[in-house]
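Chain letters run A, B, ... following the sequence lines, proteins first, then strands; residues in each count from 1. It should be emphasised that the depicted structure is a prediction, and the values quoted were computed from it without experimental measurement.
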Number of protein chains: 2
Amino acid sequence: MIETDIFKALGDPTRFQIFEKLTAGAMNATTLREGMKISQPAMSQHLAVLRDAKLIRHEKQGRFIQYEVNPDGLVVVAEWLAKYRAYWPQRIEALKELLKDMDE
Amino acid sequence: MIETDIFKALGDPTRFQIFEKLTAGAMNATTLREGMKISQPAMSQHLAVLRDAKLIRHEKQGRFIQYEVNPDGLVVVAEWLAKYRAYWPQRIEALKELLKDMDE
DNA sequence: CAAACACATAAGTCATAACTTATGTGTTTG
DNA sequence: CAAACACATAAGTTATGACTTATGTGTTTG
């Protein structure tokens with residue numbers, strides 16, 4: 001199931017950190033690794049898991065590969081979450097602001 | 001991290017199924033198990049993981065325990081997701097409708 | 001064009017997590 | 001009040017997954 005693949009991918013703290021780093025902007029694997037005490041193969045394997053879950057995508061640029069967030073994955077989460085809006089308390093300000101932003 | 005705990009909890013297909021079942025309404029563990037080829041201890045353990053992640057909560061009722069969705073968990077996901085609204089394509093109709101619903 | 005580089009992949013190791021069976025605790029029922 | 005019930009917990013097994021050390025492929029550079 002695509003949802004569980006996405007949640008499983010984000011359920012690992014290291015991968016979550018990698019993903020969050022990528023939300024700041026596209027980056028290659030070597031740059032991603034900076035300050036992250038993780039081996040090169042481990043990074044490569046984590047990126048493969050995130051890619052298989054459609055959370056990121058890549059683009060070859062010479063001998064580098066630029067990785068970036070793939071909106072598809074986030075959309076799956078957003079749509080899944082939208083099904084349960086009945087459970088969200090109205091008091092969520094951050095969410096309300098989001099709604100206004102997107103309703104324009 | 002609370003986010004990774006939530007994602008890890010939902011990353012297991014069996015637990016995801018249990019959670020989805022609970023979104024239909026509160027239920028005790030025995031009812032949850034119906035049609036689910038899962039042992040009683042396994043169910044109990046899965047419920048504990050979901051509870052620890054604040055995705056569900058429970059209420060004792062005699063010798064039964066009613067489990068129900070805890071909005072706290074979903075709110076964490078919603079707030080996390082809201083941070084990345086820049087990545088959501090505008091074409092998501094389901095999401096737009098959600099926004100209108102909540103903007104009232 | 002040989003060396004350095006960026007990354008992927010293979011294969012093996014070790015920790016974790018999902019399951020099992022057995023048993024325990026509290027509650028209801030006949 | 002003894003048996004059945006609803007659930008939790010302990011302990012052990014097995015599958016999975018996160019890592020490691022090679023090694024391979026393609027690309028750039030001196």
Side-chain angles (χ1 to χ4, degrees), chain A residues 1-22 24-70 73, chain B residues 1-22 24-70 73:
Chain A
M1 207 177 335
I2 181 67
E3 281 95 347
T4 53
D5 286 343
I6 288 173
F7 290 138
K8 189 175 297 184
L10 292 173
D12 178 75
T14 305
R15 269 196 302 269
F16 183 80
Q17 189 184 349
I18 293 170
F19 180 81
E20 293 251 289
K21 221 166 172 183
L22 277 178
M27 227 174 290
N28 61 50
T30 301
T31 308
L32 269 172
R33 221 146 69 79
E34 282 171 10
M36 267 203 72
K37 229 174 104 175
I38 185 181
S39 71
Q40 178 268 318
M43 173 60 77
S44 182
Q45 288 157 14
H46 280 309
L47 289 170
V49 172
L50 290 170
R51 180 171 39 75
D52 289 347
K54 312 252 186 285
L55 280 162
I56 63 173
R57 57 192 176 195
H58 63 274
E59 190 181 344
K60 274 204 78 171
Q61 288 187 358
R63 74 181 149 163
F64 292 86
I65 298 182
Q66 287 282 11
Y67 289 93
E68 62 179 3
V69 170
N70 181 353
Chain B
M1 207 180 331
I2 181 65
E3 282 95 347
T4 52
D5 287 343
I6 289 174
F7 289 139
K8 190 177 294 183
L10 292 173
D12 178 75
T14 304
R15 269 196 303 269
F16 183 79
Q17 189 184 349
I18 293 170
F19 180 81
E20 292 251 289
K21 222 167 170 179
L22 277 177
M27 228 174 289
N28 60 51
T30 301
T31 309
L32 268 173
R33 219 147 69 78
E34 283 171 10
M36 266 202 73
K37 228 174 101 175
I38 184 181
S39 72
Q40 179 268 318
M43 173 60 78
S44 183
Q45 288 156 13
H46 279 309
L47 289 169
V49 172
L50 289 170
R51 181 172 40 74
D52 290 347
K54 312 254 186 283
L55 279 162
I56 63 173
R57 56 192 177 196
H58 62 275
E59 191 181 343
K60 272 204 80 172
Q61 291 187 354
R63 75 179 147 162
F64 293 86
I65 298 181
Q66 289 282 8
Y67 289 93
E68 63 179 4
V69 169
N70 181 353

ask   = So, A:N70 side chain and A:G73 main chain: donor-acceptor pair closer than 3.5 Å or not?
value =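 It does not hold such a pair.
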
ask   = Quick one: does B:R33's side chain get under 4.5 Å of B:I38's, heavy atoms only?
value =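 SC-SC contact between B:R33 and B:I38 confirmed.
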
task = Would you indicate whether the side-chain heavy atoms of B:L32 and B:L47 approach each other to under 4.5 Å?
result =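 With C-beta onward as the side chain, the pair touches.
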
inquiry  = Surrounding NZ of B:K54 (heavy atoms of other residues, nucleotides or ligands, distance under 6.0 Å), is the total greater than 12?
reply    =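 At most 12 heavy atoms, drawn from other residues, nucleotides or ligands, come within 6.0 Å of this atom.
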
ask   = Given D:dC19, is OP1 or OP2 found less than 4.0 Å from the side-chain N or O atoms of A:T14?
value =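 Answer yes for this pair, as a side-chain N or O of A:T14 is under 4.0 Å from OP1 or OP2.
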
ask   = Between A:Y67 and C:dA8, is there a side-chain N or O to OP1/OP2 distance below 4.0 Å?
value =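 Indeed, a polar side-chain atom of A:Y67 lies that close.
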
Please tell me which of the listed nucleotides, [options], lies nearest to the side chain of [X]?
{"X": "A:S44", "options": "C:dT9, D:dA18, D:dA8", "value": "C:dT9"}
{"X": "A:R63", "options": "C:dA6, C:dC7, D:dC19", "value": "C:dA6"}
{"X": "B:A29", "options": "D:dA10, D:dC7, C:dA8", "value": "D:dC7"}
{"X": "B:K60", "options": "C:dA22, D:dT20, C:dG26", "value": "C:dG26"}

Answer with base, sugar-phosphate or nothing: what part of the nucleic acid does [X] contact at a heavy-atom distance below 4.0 Å?
{"X": "B:R51", "result": "nothing"}
{"X": "B:R15", "result": "sugar-phosphate"}
{"X": "A:T30", "result": "sugar-phosphate"}

query = Where are the stems of DNA chain C, defined as at least 3 consecutive Watson-Crick or wobble G-U pairs with both distances under 3.5 Å?
reply =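 DNA chain C stems, ordered by first number: C:1-30 with D:1-30.
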
ask   = Using the ring of each side chain (for Trp, its six-membered ring), is B:F7 parallel, tilted or perpendicular to A:F16, with breaks at 30° and 60°?
value =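 Judged by the thresholds at 30° and 60°, the geometry between B:F7 and A:F16 is tilted.
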
Nearest 0.5 angstrom please: [X] [atom1] to [Y] [atom2], how far?
{"X": "A:I65", "Y": "A:M27", "atom1": "CD1", "atom2": "CE", "result": "15.0 Å"}
{"X": "A:Q40", "Y": "A:Q45", "atom1": "CD", "atom2": "CD", "result": "9.0 Å"}
{"X": "B:Q17", "Y": "B:D12", "atom1": "CD", "atom2": "CG", "result": "10.0 Å"}

d([atom1], [X]; [atom2], [N]) in whole Å:
{"X": "B:Q66", "N": "D:dC7", "atom1": "CD", "atom2": "C1'", "answer": "13 Å"}
{"X": "B:Q17", "N": "C:dA18", "atom1": "CD", "atom2": "C1'", "answer": "15 Å"}
{"X": "A:I56", "N": "C:dC7", "atom1": "CD1", "atom2": "C1'", "answer": "13 Å"}
{"X": "A:N28", "N": "C:dC5", "atom1": "CG", "atom2": "P", "answer": "14 Å"}
{"X": "B:L32", "N": "D:dC7", "atom1": "CG", "atom2": "P", "answer": "9 Å"}
{"X": "B:L47", "N": "D:dA8", "atom1": "CG", "atom2": "P", "answer": "7 Å"}
{"X": "B:Q45", "N": "D:dC7", "atom1": "CD", "atom2": "C1'", "answer": "12 Å"}
{"X": "A:Q40", "N": "D:dA22", "atom1": "CD", "atom2": "P", "answer": "14 Å"}

Whichever of B:S39 and B:K8 has its nearest DNA chain C nucleotide further upstream toward 5' =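 Closest to the 5' end, via its nearest nucleotide, is B:K8.
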
